[in-house]
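Step one of this worksheet: look at the structure below.
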Protein chains: 2
Amino acid sequence: MARTGRPREFDRESAVRQAMNLFWAKGFESTSLSDLKSTLGGLSSASFYAAFGSKKALYEECLAEYMGTCGELVATLRDESLSAREALRAMLWRSIEIQTSRDSPLGCMAVLSGIVCDDDNADVAELARNARKVNRDAIADCIARGVANGELADDGSAEAFTLTLDSFLKGLAVQSRDGISREALLRSADQLLSILDR
Amino acid sequence: MARTGRPREFDRESAVRQAMNLFWAKGFESTSLSDLKSTLGGLSSASFYAAFGSKKALYEECLAEYMGTCGELVATLRDESLSAREALRAMLWRSIEIQTSRDSPLGCMAVLSGIVCDDDNADVAELARNARKVNRDAIADCIARGVANGELADDGSAEAFTLTLDSFLKGLAVQSRDGISREALLRSADQLLSILDR
DNA sequence: TGACTTATGGAATGGTTAGTCCGGAATTTG
DNA sequence: CAAATTCCGGACTAACCATTCCATAAGTCA
């Protein structure tokens, strides 16, 4: 059943992707409605609000889009065809590749776009925080899997290693923004994994 | 020679410290002039601009204050009475203590307050970036010192280790904001240093 | 005392913010 | 064809933004 009424003049999906890149690059608060409207093809306020509801609602959509594409690490971590160590390494490499890619903003949207906020945007900060927690939990699960199948030492260091990896991962967002090269970060990631060699 | 003219009615030094806490907690852009004026004792616009020049100038002062006090890690790293490893460990512990302290905002001001910015606040972002670089260079120097005196292996991994530590350190800012406990982060930091035990 | 200097309260600046509203245009359905 | 539905351009709102201005107050110096 086709939709009745006048058809939308822009592609909503690609608009969300463009908005995602804007929020990713500038953060939630520094991205203004007029930024968004002009980037998404010069649409009017009426069109914007009819299509997306509000700036916050669009941000939420963009963050979900990000976590389902560029920021997607969970699938790698859960890939049972890889050993835990291979999965962790693949996750780090994938993340570094995306964070340092020139085809998208530097760094990680979930880290950069919603840590520091005005009080009345606390809900935006919480969305980003939840997104970060999803990744942290997936890292913990991956390590637990390695411990369970005997691949990793069962010496009580699993929680610490989760945080070590996760902190490093989040630091990458800043390093990428600061212009540290992909190659240097990759070497650093491999060195970090050598913790498992003891 | 005493200053002439009507004396200022507030303590400029303590005002800078209070402003530092505000910028630290909320970032540069989310901290508004009215936030600042009311927090610094309800002073007027005239008094604010007479004392500090502009919002950006005050931010610069606050960042310098931060780097000279709470964010001060360079002195620890250069402490020649400590071995390189001891210095690195002391630096990490000090940083975690401050970033997770309840007596000041969570996380690191140099990381949180100036990564994501509007285009016309690019100079603010650069101030914060320079502050971060100071710490990174100090870490590199400390590791170089350890290599030079034979304490650390001279196997070409120094640059990677600098980045590994520095990325972890910056990730701490996010973890602290996300409510990760001090104790867990300290365990994680010690695990990270075990890279040196190979 | 009077000249000078600096700080203060408060009003006013021009610009931007997110969001609303309305009249008209474009489409589907009957 | 007419009715119903949806979208669009653009004017509009009310709040907030950093900053400036001015008359006045409170000091020092000679």
Side-chain angles (χ1 to χ4, degrees), chain A residues 1-16 19 22-23 26-62 113-114 116-125 127, chain B residues 1-16 18-19 22-23 26-63 113-114 116-125 127:
Chain A
M1 186 73 85
R3 250 167 79 84
T4 162
R6 179 173 172 175
R8 186 175 282 129
E9 286 178 9
F10 60 96
D11 179 3
R12 195 180 186 286
E13 277 187 41
S14 89
V16 169
L22 217 50
F23 282 130
K26 308 180 55 168
F28 175 76
E29 300 198 305
S30 292
T31 303
S32 70
L33 255 294
S34 57
D35 281 340
L36 287 164
K37 290 189 293 184
S38 64
T39 300
L40 311 194
L43 37 71
S44 68
S45 292
S47 303
F48 180 90
Y49 282 92
F52 305 115
S54 71
K55 187 185 170 187
K56 279 185 190 176
L58 176 57
Y59 176 82
E60 190 164 358
E61 258 189 83
C62 290
S113 74
V116 164
C117 265
D118 216 276
D119 297 332
D120 40 297
N121 294 137
D123 41 0
V124 168
L127 286 173
Chain B
M1 187 72 85
R3 248 168 80 83
T4 161
R6 177 174 174 173
R8 186 174 283 128
E9 287 179 7
F10 60 95
D11 178 2
R12 195 181 185 286
E13 276 187 43
S14 88
V16 169
Q18 287 179 285
L22 218 49
F23 282 130
K26 307 181 56 167
F28 175 76
E29 300 198 305
S30 293
T31 302
S32 71
L33 255 293
S34 57
D35 281 340
L36 287 165
K37 290 189 294 185
S38 64
T39 300
L40 311 194
L43 37 70
S44 69
S45 293
S47 302
F48 179 90
Y49 282 92
F52 306 114
S54 72
K55 185 185 170 187
K56 278 185 190 177
L58 175 57
Y59 176 82
E60 190 165 359
E61 258 188 83
C62 289
L63 187 60
S113 74
V116 163
C117 266
D118 217 275
D119 297 332
D120 40 296
N121 294 136
D123 42 358
V124 167
L127 287 172

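Within every chain, numbering begins at 1; the chains are lettered A, B, ... in the order of the sequence lines, protein sequences first and strands thereafter.
- Each of dA18(C), dA7(C), dA26(D) was ranked by its minimum atom distance to the side chain of Pro7(B); first place goes to dA26(D).
- In this model, the phosphate group of dG9(C) is approached by a side-chain N or O of Ser44(B) to a distance below 4.0 Å at OP1 or OP2.
- Side-chain proximity of Lys55(B) to the nucleotides dT19(D), dG19(C), dT8(C) is greatest for dT19(D).
- The existence of a salt bridge linking Glu9(A) and Arg6(A) is confirmed by a sub-4.0 Å separation between a basic side-chain nitrogen and an acidic carboxylate oxygen.
- The nucleotide whose nearest atom lies closest to any side-chain atom of Ala46(A) is, among dT5(D), dT19(D), dG10(D), dG10(D).
- With no hydrogens or angles considered, no side-chain donor-acceptor pair links Tyr59(B) and Ser54(B) at under 3.5 Å.
- The interatomic distance linking Arg12(A) (CZ) with dC8(D) (P) rounds to 12 Å, in whole Å.
- Comparing dC7(D), dT8(C), dT6(C) by their nearest atom to the side chain of Arg3(B) picks out dT6(C).
- Side-chain proximity of Tyr49(A) to dC7(D), dA18(C), dT20(D): nearest is dA18(C).
- We find the NZ-OG distance between Lys26(B) and Ser32(B) to be 6.0 Å, quoted to the nearest 0.5 Å.
- With respect to Phe28(B), the side-chain contact (heavy atoms from CB on, under 4.5 Å) criterion is satisfied by exactly one of Leu127(B), Leu58(B), Asn121(B): Asn121(B).
- Among the atoms of the strands shown, none is found under 4.0 Å from any heavy atom of Ala50(A).
- Nucleic acid contact for Phe52(A): none, since no nucleic acid atom lies under 4.0 Å from a heavy atom of the residue.
- Regarding Leu58(A), its CG atom lies at a distance of 11 Å from the P atom of dG19(C), rounded to whole Å.
- For the 3.5 Å distance criterion, the side chains of Ser44(B) and Lys37(B) fail to qualify, holding no donor opposite an acceptor.
- Near DNA chain D, meaning a heavy atom under 4.0 Å away, there are no residues from residues 28-43 of chain A.
- Rounded to whole angstrom, the span from the CG atom of Asp118(B) across to the C1' atom of dT17(C) amounts to 12 Å.
- Remark: the backbone N or O of Asp118(B) is paired with a side-chain donor or acceptor of Glu29(B) at under 3.5 angstrom.
- Comparing Phe10(A) and Ser54(B) against DNA chain D, the residue whose closest nucleotide sits nearer the 5' end is Phe10(A).
- Below the 3.5 angstrom threshold, one finds a donor paired with an acceptor across the side chain of Arg6(B) and the base of dA25(D).
- With dT20(C), dC8(D), dC21(D) as the choices, the nucleotide that has an atom nearest any side-chain atom of Ser45(A) turns out to be dT20(C).
- With Lys55(A) contributing its side chain and Leu36(A) its backbone, the two residues share no donor-acceptor pair below 3.5 Å.
- If you measure from atom CD of Glu9(B) to atom C1' of dG10(C), you get 14 Å, rounded to the nearest angstrom.
- The NZ-P distance, from Lys56(A) to dT17(C), rounds to 17 Å in whole Å.
- Of the side-chain N and O atoms in Ser47(B), one or more sit less than 4.0 angstrom from OP1 or OP2 of dT8(C).
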